[in-house]
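Contents: one structure, followed by commentary.
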Amino acid sequence: PSTRDIMSTPGLSVANGHSPTNKVGDGRLQVVDEHQNFTKDLSSYLERWGLLDKGFAYDVVAVFGSQSTGKSTLLNRLFGTSFDVMDEAKRQQTTKGIWMCPSAYSSTLVMDVEGTDGRERGEDQDFERKSALFSLASTEVLIVNLWEHQIGLYQGANMGLLKTVFEVNLGLFGGGVEENKPRPQEKTHILFVIRDHVGSTPISNLTATLTADMDKIWASLSKPDHLKESTLQQYFDLSFAALPHKILMPDKFEEAVLELRKRFVDRSRSDYIFQPAYHKRIPADGVGFYMEGIWQQVLTNKDLDLPTQQELLAQFRCDEISAAVIDTFNVSSKVVRKPVEAGSVVEGLGALIKDWIATALSKFDRDASRYHAGVYQRKRLDLLAVLHTSLSPVFLGQVKNLHKMVAAKFTKDITAGLKDPGYDFAAVVSKGKAKAREEFLAGAKEVKVENTDWEYEHEFELLDEDLRLIADRCRADETKKMVNAIERTVKRQLLEPVELALSKPKPGMWDTVLTAYRQVSSTAETTYLTKAKSFGCTDEENEHALSTIRARSWMALRRKLEEQISDATILGTLRTTFEERFRYDEHGVPRVWRPEDDIETAFTKAKDETLTLLPLFANISPTHSTLLPKLPTPEVSHDVDADPTPFDPSTAYNLISPTRMLSLENRFKRDADAAYVEAKRSVVSSVAQ
Ligand code: GDP
Ligand code: MG
């Protein structure tokens with residue numbers, strides 16, 4: 001429940017058996033009715049009267065005095081108010097209670113306190129006491145209205161009333177025991193208005209008598225020990241005014257009233273009545289709550305503790321002001337919540353946020369700083385904490401979005417950088433990283449608000465991690481591309497030496513092939529290492545890439561060899577070799593067989609010689625086993641080779657199985673035999689001619 005609920009619920013109207021009957025109308029308001037209920041409308045009336053946003057720039061005056069001494073008449077003339085005046089013809093008393101009306105001439109609340117003369121009517125002084133307490137706690141000036149002929153009658157009703165006022169005031173403003181002195185800012189101004197001043201007694205005599213009476217009353221008060229030495233003047237300033245008889249001398253009365261009015265409105269006058277020292281320092285927008293609180297305290301007959309009242313007031317009002325400020329704040333911050341939640345980075349968000357906070361605080365400061373300083377400062381911190389909490393998700397969202405945006409840009413930058421033919425991978429990455437980090441930090445700093453626990457360091461770490469992963473991925477992609485390119489080069493470079501060597505089989509053929517292979521694969525490794533230098537790969541990664549290259553080179557060689565040992569190719573090679581020996585002489589000239597030629601011996605020689613070459617193709621077998629390359633491990637080769645048949649190192653050097661050898665040999669022999677038959681036939685036909 002709000003403070004207001006606590007303050008106003010105790011059901012006082014029920015306790016005294018009456019529901020509120022406060023009267024309103026004619027621009028005046030009965031703040032306390034005859035049953036002692038406090039109005040519910042004060043704040044709305046203050047607003048209607050244009051006083052709510054006056055801050056401290058308003059005044060409060062109340063009138064005290066016996067019934068029918070022309071108090072209401074005086075207020076109406078002095079302030080242009082419309083308080084009830086006793087109807088002369090009926091001599092009917094106006095209702096008890098406290099009425100309020102704004103002055104027509106300045107920002108002043110005028111209170112007409114009716115029925116403080118219970119003592120005259122033999123009633124108890126309960127209401128007198130309560131209204132005195134209430135008035136002293138809230139007004140700057142107390143007008144005490146009295147007839148000239150009452151002056152000096154020390155036992156008169158007014159004296160009792162004033163004694164009550166003084167006592168009550170001591171209770172309110174006497175100061176705590178520990179302070180042992182009145183609080184200076186809580187002085188009240190008492191203006192005695194002497195009515196029906198005839199003029200035969202000089203006003204100075206009258207004021208002297210009144211002052212002396214006041215001192216006497218003060219001396220007669222039973223004061224607490226620590227205030228024994230206090231004087232009336234420490235708590236009150238007394239001033240005086242005299243007015244002629246209103247009925248008998250209406251013009252003179254009017255003249256004097258106008259003169260007195262000036263003392264209420266003209267700040268430049270030395271006798272200006274509302275001196276700042278009397279102001280009770282309740283901001284206008286808190287008056288409604290404050291007065292009601294005071295009245296409730298008064299009703300419960302508790303000691304009226306003004307500092308506590310002011311703190312309660314401050315808490316209540318600061319909360320209200322804060323709530324209004326937060327409402328506006330939430331409306332303005334709404335516009336960015338959506339886009340941030342949707343993943344956008346809102347440009348200039350930090351400036352916006354700071355602007356909202358500044359606006360909210362300045363609104364709060366303007367209205368709340370008038371209240372109890374400690375409470376105000378505390379509530380200001382509370383407000384700030386609420387604002388920060390409400391914005392914290394926006395901050396975090398923005399920072400997260402920044403991370404995503406910057407990481408995406410980083411990927412793009414690297415991709416673009418790697419398109420440059422002469423790129424240096426490490427340089428491209430480190431430049432991109434620096435740019436990404438810089439952009440993130442600039443954005444995060446922009447949106448961070450001072451004096452909050454907001455932090456972007458964690459997100460920054462996540463970003464760094466992301467950048468690292470992205471760079472790693474790019475490097476892996478680049479490495480893969482490079483290995484592919486190297487593999488293509490290897491294949492191209494192996495093509496010629498392998499074809500050449502295998503098309504002219506002879507002992508040492510494998511030495512030639514393997515020497516070429518060693519050359520090519522070492523060039524491939526060097527190429528990789530040179531290019532990879534800028535990648536910043538780990539030794540492990542390099543080792544992996546190199547073994548991949550070795551494996552693929554080996555596979556390339558193997559594939560090429562397999563191509564070269566197909567039946568057709570081998571048979572072609574054998575036939576060529578055979579024919580070179582059988583159909584051509586040692587000078588490379590085609591032979592024309594004559595009958596005397598020993599075709600058979602030549603044939604057998606060429607065939608046998610050729611057949612000795614066939615086994616060369618069966619296995620990769622260099623003259624020195626040191627020429628054999630290191631074979632890839634089965635895992636690596638599987639990793640790089642799409643061929644699903646697993647790589648078997650034990651058969652890595654075997655090319656042609658014995659069965660196939662036999663079949664090749666037979667097919668070659670048939671070919672050779674055919675050549676022999678053809679040679680024979682050519683001799684027969686040449687003889688026949
Ligand atoms: P209140 O009860 O003190 O508020 O007195 P009112 O303002 O209701 O006036 C009570 C009566 O005194 C009315 O009949 C007024 O006409 C009358 N009255 C007002 N002003 C004066 C004045 O200056 N002198 C005299 N003798 N009567 C006045
Ligand atoms: Mg009256």
Side-chain angles (χ1 to χ4, degrees), residues 22-34 36 60-104 109-123 125 127-128 130-132 134-135 139 141-151 153 156-162 164-165 190-201 203 206 240-261:
N22 306 69
K23 293 162 193 68
V24 294
D26 303 332
R28 73 205 148 96
L29 173 70
Q30 190 180 27
V31 283
V32 176
D33 71 7
E34 60 266 44
Q36 308 198 349
V60 187
V61 58
V63 72
F64 264 66
S66 315
Q67 179 82 31
S68 302
T69 47
K71 296 186 303 293
S72 303
T73 307
L74 170 67
L75 295 180
N76 289 346
R77 291 305 314 128
L78 209 48
F79 300 106
T81 51
S82 55
F83 295 116
D84 269 352
V85 171
M86 192 188 79
D87 185 341
E88 197 66 55
K90 296 183 197 153
R91 296 298 298 175
Q92 201 177 32
Q93 287 196 343
T94 48
T95 44
K96 248 190 193 178
I98 302 175
W99 293 79
M100 193 183 275
C101 199
S103 165
L109 283 173
V110 185
M111 293 203 287
D112 191 4
V113 184
E114 294 278 5
T116 51
D117 55 352
R119 146 187 353 254
E120 265 177 312
R121 286 178 278 159
E123 295 169 13
Q125 285 105 58
F127 187 73
E128 172 183 289
K130 284 174 178 165
S131 50
F134 177 74
S135 304
T139 67
V141 177
L142 220 51
I143 298 177
V144 175
N145 190 57
L146 74 176
W147 303 122
E148 180 181 355
H149 62 72
Q150 287 178 305
I151 295 170
L153 299 178
N158 280 313
M159 299 305 130
L161 175 65
L162 283 161
T164 303
V165 168
I190 298 182
L191 170 67
F192 288 96
V193 177
I194 302 161
R195 307 294 293 272
D196 289 3
H197 180 53
V198 180
S200 56
T201 313
I203 181 116
L206 295 172
F240 306 89
L243 297 176
H245 198 296
K246 181 178 184 287
I247 319 289
L248 299 181
M249 294 188 276
D251 295 344
K252 286 259 187 289
F253 174 84
E254 201 61 26
E255 219 175 277
V257 164
L258 286 181
E259 194 53 33
L260 183 55
R261 184 188 295 161

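Remember, it's 1-based here, ligands and their atoms both numbered in the order they're listed. All values below come from the heavy atoms of this structure, side chains included, with hydrogens, waters and symmetry mates left out. Predicted model only: the values in this text are computed from it and were never measured.
The closest approach between a heavy atom of Phe83 and any atom of ligand 1 is not below 4.0 Å.
The shortest heavy-atom contact between Leu243 and Leu74 is CD1-CD1, 3.4 Å. Minimum interatomic distance between Ser131 and Ile98 (heavy atoms only, all atoms of both residues): CB-CD1, 4.0 Å. A pairwise comparison of heavy atoms in Glu114 and Asp112 identifies OE2-OD2, 3.4 Å as the closest pair. For the pair Phe83 and Ser72, the tightest heavy-atom approach, listed with the atom from each and the gap, is CB-CB, 4.1 Å. Summarising the geometry of Arg261 relative to Arg77, their closest heavy-atom pair is NH2-O, 2.8 Å, with the distance given to 0.1 Å. Residues Val198 and Glu148 share a closest heavy-atom pair of N-OE1, 2.7 Å.
Between Asp112 and ligand 1, not a single N/O pair is under 3.5 Å apart. In terms of polar-atom proximity, Met86 is counted as a contact of ligand 1, with an N or O under 3.5 Å from an N or O of the ligand. The distance criterion of under 3.5 Å between nitrogen or oxygen atoms is not met by Asp84 with respect to ligand 1. By the 3.5 Å distance cut-off applied to N or O atoms, Trp147 is not counted among the residues near ligand 1.
Taking every heavy atom of Asp196 and a limit of under 4.0 angstrom, the matching atoms of ligand 1 come to 22 (C), 23 (O), 24 (N), 25 (C), 26 (N). Residue contact check: Thr69 has heavy atoms under 4.0 Å from atoms 1 (P), 3 (O), 5 (O) of ligand 1. When each atom of ligand 1 is checked for a heavy atom of Lys71 under 4.0 Å away, the hits are 1 (P), 2 (O), 3 (O), 4 (O), 5 (O), 7 (O). Annotation for ligand 1: atoms under 4.0 Å from non-hydrogen atoms of Gly70 are 1 (P), 3 (O), 5 (O), 6 (P), 7 (O), 9 (O), 19 (C).
Side-chain contact between Leu146 and Thr69: absent, with no pair of heavy atoms (C-beta onward) separated by less than 4.5 Å.
A donor-acceptor distance shorter than 3.5 angstrom exists from the side chain of Arg195 to the backbone of Gly70, with no hydrogens or angles considered.
Backbone or side-chain N, O or S atoms of Ser68 do not reach the Mg ion (ligand 2) at under 2.8 Å. Note on Glu114: counted as a metal contact of the Mg ion (ligand 2), an N/O/S atom lying under 2.8 Å.
At a heavy-atom distance under 4.0 Å, only side-chain atoms of Arg195, from C-beta outward, approach ligand 1.
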